[in-house]
Amino acid sequence: MTRKVLLLLPGDGIGPEVVAQAERVLLAVDATQGSGLQLLRGRVGGAALDVDGCPLPMQTLEAVRGCDAVLLGAVGGPAWADVPRELRPEQGLLALRRELGLYINLRPAFLYPELVECSPLRDAAGLDLVLVRELAGGLYYGEPRGIRTVAGGREGYNTLRYHEREIERVAEYAFALARQRRGRLCSVDKANVLETMELWREVCGRVGLRYPDVALEHLYVDNAAMQMVLDPRRFDVMLADNLFGDVLSDLAGALCGSIGLLPSASLGGQAGLYEPVHGSAPDIAGQDRANPLACILSAALLLRHSLGNETLALQVEAAVQGVLRDGLLPVELGGNLGTAAMGDAVLERLCAG
Ligand code: IPM
Ligand code: MG
C-alpha cells in the first residue's frame, strides 16, 4: 500500500493545540488500522511570517505540492494586525486554497442530540445540513481591488466576479451531494441586486435540469439567514458563494451550539485541505481551553475524502458523539474538559470502539 502523505499546518493561536489532538487521533487510527500515514509538518500564517517572513513560505508550498492532504489549525491574531495586507496571516490561507485549486468547501453543520440545550434556538433538534461554499473565486479574489485616493479622500473597492464555469462546477458538486442526502438543495444568492448573482441563479437552475430528482430552491441571502434561524431543519444542502458561505457558516456553527464543533473540507484540487471553521481564538490560546472537536472532526473528513476510508471516518465521528453522549463537554460548552482532556476522551472511545 502506498503511504498517504499528510501535512500538518498548525498555524496560529489555538491552531497548534487543536491540531495536536487531531494528530493523536490520526496516529491512533493509523496504528490500529494500518492506514499508512506519513505525517509532515509545516508553517503557515503568522507563525510562518515570524520565521520565514511571509505567511505561505516556499518550503510549505513545496510540501503542499507533494502531499495528499493538509490539516490546518487556524491563522491570524492581533500580533499581526498591523502588517501590510499582503503579508497578513489570512493571506497565507487564501493563497493556499487558491494554490491547491480548492473550489469546493464543505461545511457540515449537525446539531448533536446531546447538545440541543447548547443551541441558542429553542427547538433546533434535527438540524443536519451541509453548506457547500464556493472557495476559489468571488469577492475574495476578484480584481481590481484596493484602497485608492480619490477626490476628497480614499475609497476601497473590490470586485465580485464569477465565470459561469466557476458557478457550474461547484453547483454540480452540490447537486450530486444533495442526491446522496435528502434530495434538497438551497442555492443562496442576491440576484435581486447583483448581476453576478443573477448569473449564479441562472447557472444553478441550468445545472439543476440534470438533477430532476433534487428539489432546488433559490433564496436571497438575507432571507436564507432568517430561515436558518426560524427553521434550520428545512435545509439539507445549501450552496453559497465565497462571501455568503463564509457568513452563513458561522451562523450555522452558532446554531449547532458552537462554531468550535464545525469541521470543513476543501476539495476539488490536487490535495484536500481540512480545517476547523473556527478561527485562531488568540484570547484563549495556550490555556488548554480550546475545543479540539472541530479539528478532530476535520480529521474525520480527511479520512473520508482524501484517504477514501469511510469506515475510519465513521469511527472517529462515532467516538466524538460517544464523548458528547457521556456528557464530557469542553469548557466552551459549559463542561470542564480542557483541550488535551477532550482529546483523551475521544481517543479512549476510539480505542474501545
Ligand atoms: C473561514 C475564515 C477565513 C475566510 C479567514 C480566516 C480568511 O473566516 O475559513 O471561514 O474568510 O475564509
Ligand atoms: Mg469564516
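Quick note: numbers below take in every heavy atom, side chains included, and nothing from hydrogens, waters or symmetry partners. Atoms within a ligand are numbered from 1 in the order they appear, just like the ligands themselves.
Residue pairs meeting the ring pair (Phe, Tyr, Trp, His ring centres under 6.0 Å) criterion with at least one member in residues 144-194, sequence neighbours excluded, are Y162-W200, F175-Y211.
The backbone N or O of V116 lies less than 3.5 Å from no partner atom in the side chain of S119, so there is not a single donor-acceptor pair.
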side-chain hydrogen bond (donor to acceptor under 3.5 Å, both in side chains) assessment of Q21 paired with R24 | CA-CA 5 Å; Q21 299 312 315; R24 293 173 71 200; 2.7 Å; yes
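When only modelled atom types and interatomic distance are considered, S266 and N105 share a side-chain donor-acceptor pair under 3.5 Å. In summary, the side chains of Q227 and R234 do present a donor paired with an acceptor at a separation below 3.5 Å, with no hydrogens or angles considered. A donor atom on one side chain and an acceptor atom on the other are found under 3.5 Å apart for R133 and N242.
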Just list the side-chain donor-acceptor pairs under 3.5 Å for residues 47-57, sequence neighbours left out, or say none.
{"unit_1": "D50", "atom_1": "OD1", "unit_2": "W80", "atom_2": "NE1", "d": "3.0"}
{"unit_1": "D52", "atom_1": "OD1", "unit_2": "R43", "atom_2": "NH2", "d": "2.9"}
{"unit_1": "D52", "atom_1": "OD2", "unit_2": "R43", "atom_2": "NE", "d": "2.9"}

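Ordered by chain and residue number, the residues placing a heavy atom less than 4.0 Å from ligand 1 are E90, R97, R107, R133, Y140, D246.
Salt-bridge annotation for R97 and E275: present, with a side-chain N of the basic residue lying under 4.0 Å from a carboxylate O of the acidic one.
Residue-and-atom listing of protein N/O/S atoms under 2.8 Å from the Mg ion (ligand 2), sorted by chain and number: D246 OD1.
Taking CG of L312 as the start and CD of E317 as the end, the distance is 11.0 Å to the nearest 0.5 Å.
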